[in-house]
J.: 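Structure below; questions to follow.
Numbers for residues simply follow the sequence, beginning at 1.
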Amino acid sequence: MLESRAMFEVKLQTYWGDSDAVGIVFFPNYFKFVAQAEEELYRAAGILKDKLMDKHQVWIPRVEVFAKFTIPIRNGAAIRVRLKPSFPGDKSVRYDFEIQDEKGRSVSEGYVTAVCVDRTTFEPKPIPETIRNAIATL
């Protein structure tokens, strides 16, 4: 379980379209939930992520993901996604995450690492301060 004072949490709802034929949330959708939580983190800071990326002419694509699954999420379940951002360098951000079910049990843990790149050259560049501050403001 993630333990930190610098953590962001959002409650999300799962839907039929998130699930496979037997009614279990399809594993790639866990990363979709993490991406939704990340966008909500920006919103909580009063910022729209796409507008901020446009302003600085950057993208922050994913370069590494990992997840460990412990309990399946059933179709229609409410979940909580907890994010703990960190900055391993001046060009990257890592989101350690935990997804919990309605009972507070951990169903998945992992991380997503992203690197800031220039939109024109796709070369790595330092994360602009306004973006770094938005991520760090929890």
J.: Are any side-chain N or O atoms of Asp20 and backbone N or O atoms of Phe26, one a donor and one an acceptor, separated by less than 3.5 Å?
T.: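 Looks like no, no N/O pair under 3.5 Å.
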J.: Run the side chain to side chain donor-acceptor pair (under 3.5 Å) test against Asp54 and tell me which residues pass, sequence neighbours left out.
T.: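 By the side chain to side chain donor-acceptor pair (under 3.5 Å) rule, Asp54 matches Arg119.
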J.: I'd like to know if Val107 and Tyr15 are part of one continuous hydrophobic network [Ile/Leu/Val/Met/Phe/Trp/Tyr, side-chain heavy atoms within less than 4.5 Å].
T.: no
J.: Same cluster or not: are Val63 and Val58 linked, directly or through other Ile, Leu, Val, Met, Phe, Trp or Tyr residues, by side-chain heavy atoms under 4.5 angstrom apart?
T.: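 Val63 does not cluster with Val58.
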J.: Hydrophobic side-chain clustering at under 4.5 Å (ILVMFWY, transitive links): who's grouped with Ile24? Put none if nobody.
T.: Val22
J.: Could you go step by step and tell me if Ile71 and Arg105 meet the side chain to side chain contact (heavy atoms under 4.5 Å, CB included) rule?
T.: CA-CA 8 Å; Ile71 302 171; Arg105 297 178 299 182; 4.0 Å; yes
J.: In terms of hydrophobic clusters joined by side-chain contacts under 4.5 Å, are Val65 and Leu12 together?
T.: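 Yes, it is one cluster - the side chains of Val65 and Leu12 are joined through contacts under 4.5 Å.
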J.: Show, in sequence, the C-alpha distance, side-chain angles and deciding distance for Ser108 and Phe97, and conclude whether the side chain to side chain contact (heavy atoms under 4.5 Å, CB included) test is met.
T.: CA-CA 8 Å; Ser108 181; Phe97 70 83; 3.8 Å; yes
J.: Does the side chain of Pro61 come within less than 4.5 Å of Cys116's, by heavy atoms?
T.: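 Not touching, per the 4.5 Å side-chain cut-off.
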J.: If every non-hydrogen atom of Ala114 is compared with every non-hydrogen atom of Ile60, which pair is closest and at what distance?
T.: CB-CG2, 3.4 Å
J.: Tell me the salt bridge (Lys or Arg N to Asp or Glu O under 4.0 Å) pairs involving residues 39-50, sequence neighbours left out?
T.: Glu38-Lys49, Glu39-Arg43, Glu40-Arg43
J.: So, using salt bridge (Lys or Arg N to Asp or Glu O under 4.0 Å) as the criterion, who are the partners of Glu9 when residues are at least two apart?
T.: Arg80, Arg82
J.: Is it true that, when you exclude Lys32 itself, more than 12 heavy atoms of the residues, nucleotides or ligands shown sit nearer than 6.0 Å to its NZ?
T.: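 Yes, enclosed.
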J.: Just verifying a value: how many Å separate Lys84 NZ and Asp96 CG, rounded to the nearest 0.5 Å?
T.: 6.0 Å
J.: Is it true that Gln100 and Ser106 share a donor-acceptor pair across their side chains at a distance under 3.5 Å?
T.: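 No, no side-chain donor-acceptor contact under 3.5 Å.
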J.: Tell me, with the steps shown, if Leu48 and Tyr42 meet side chain to side chain contact (heavy atoms under 4.5 Å, CB included).
T.: CA-CA 6 Å; Leu48 294 177; Tyr42 281 92; over 6 Å; no
J.: Locate the shortest heavy-atom distance separating Pro88 from Arg94; write the atom from each residue and the value.
T.: CD-N, 4.0 Å
J.: Test: ring pair (Phe, Tyr, Trp, His ring centres under 6.0 Å). Region: residues 46-75. Which pairs qualify, not counting sequence neighbours?
T.: Tyr30-Phe69, Phe66-Tyr111
J.: Among all residues two or more places apart in sequence or in another chain, which pass the side chain to side chain donor-acceptor pair (under 3.5 Å) test with Arg132?
T.: none
J.: Applying side chain to side chain donor-acceptor pair (under 3.5 Å), name anything that partners Asn29, two or more places apart in sequence or on another chain.
T.: none
J.: Check for me, please, whether Val112 and Val117 land in the same ILVMFWY cluster - side-chain distances under 4.5 Å, paths through other members count.
T.: no
J.: With sequence neighbours excluded, tell me which residues meet side-chain contact (heavy atoms from CB on, under 4.5 Å) with Thr121.
T.: Asp118, Glu123
J.: For the OH atom of Tyr95 and the CZ atom of Phe31, what is their distance to the nearest 0.5 Å?
T.: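 Result: 15.0 Å between the selected atoms.
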J.: Any non-hydrogen side-chain atom of Ile135 less than 4.5 Å from a side-chain atom of Phe87?
T.: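 The answer is yes, as the side chains (C-beta and beyond) meet within the 4.5 Å cut-off.
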J.: Same cluster or not: Val10 versus Val93, using hydrophobic residues (I, L, V, M, F, W, Y) connected whenever any side-chain heavy atoms lie under 4.5 Å apart?
T.: yes
J.: Show the nearest heavy-atom pair for residues Val81 and Ala37, with the distance to one decimal.
T.: CG1-CB, 3.6 Å
J.: With sequence neighbours excluded, what pairs up with Lys125 under the salt bridge (Lys or Arg N to Asp or Glu O under 4.0 Å) test?
T.: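 So Lys125 forms no salt bridge (Lys or Arg N to Asp or Glu O under 4.0 Å) with any residue.
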J.: Measure across Lys11 and Ala78 and return the closest heavy-atom pair with its distance rounded to 0.1 Å.
T.: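 It is CE-CB, 3.7 Å.
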J.: If you measure from CZ on Phe8 to CG on Leu83, what distance do you get to the nearest 0.5 Å?
T.: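 One gets 7.0 Å once the value is rounded to the nearest 0.5 Å.
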J.: Which residues pass the side-chain contact (heavy atoms from CB on, under 4.5 Å) test with Thr14, sequence neighbours left out?
T.: Asp18, Val25, Phe33, Ile73, Ala77, Ile79
J.: Please name all residues satisfying salt bridge (Lys or Arg N to Asp or Glu O under 4.0 Å) with Lys91, sequence neighbours left out, ordered by chain then number.
T.: none
J.: Apply salt bridge (Lys or Arg N to Asp or Glu O under 4.0 Å) to Arg74 and list each qualifying residue two or more places apart in sequence or on a separate chain.
T.: none
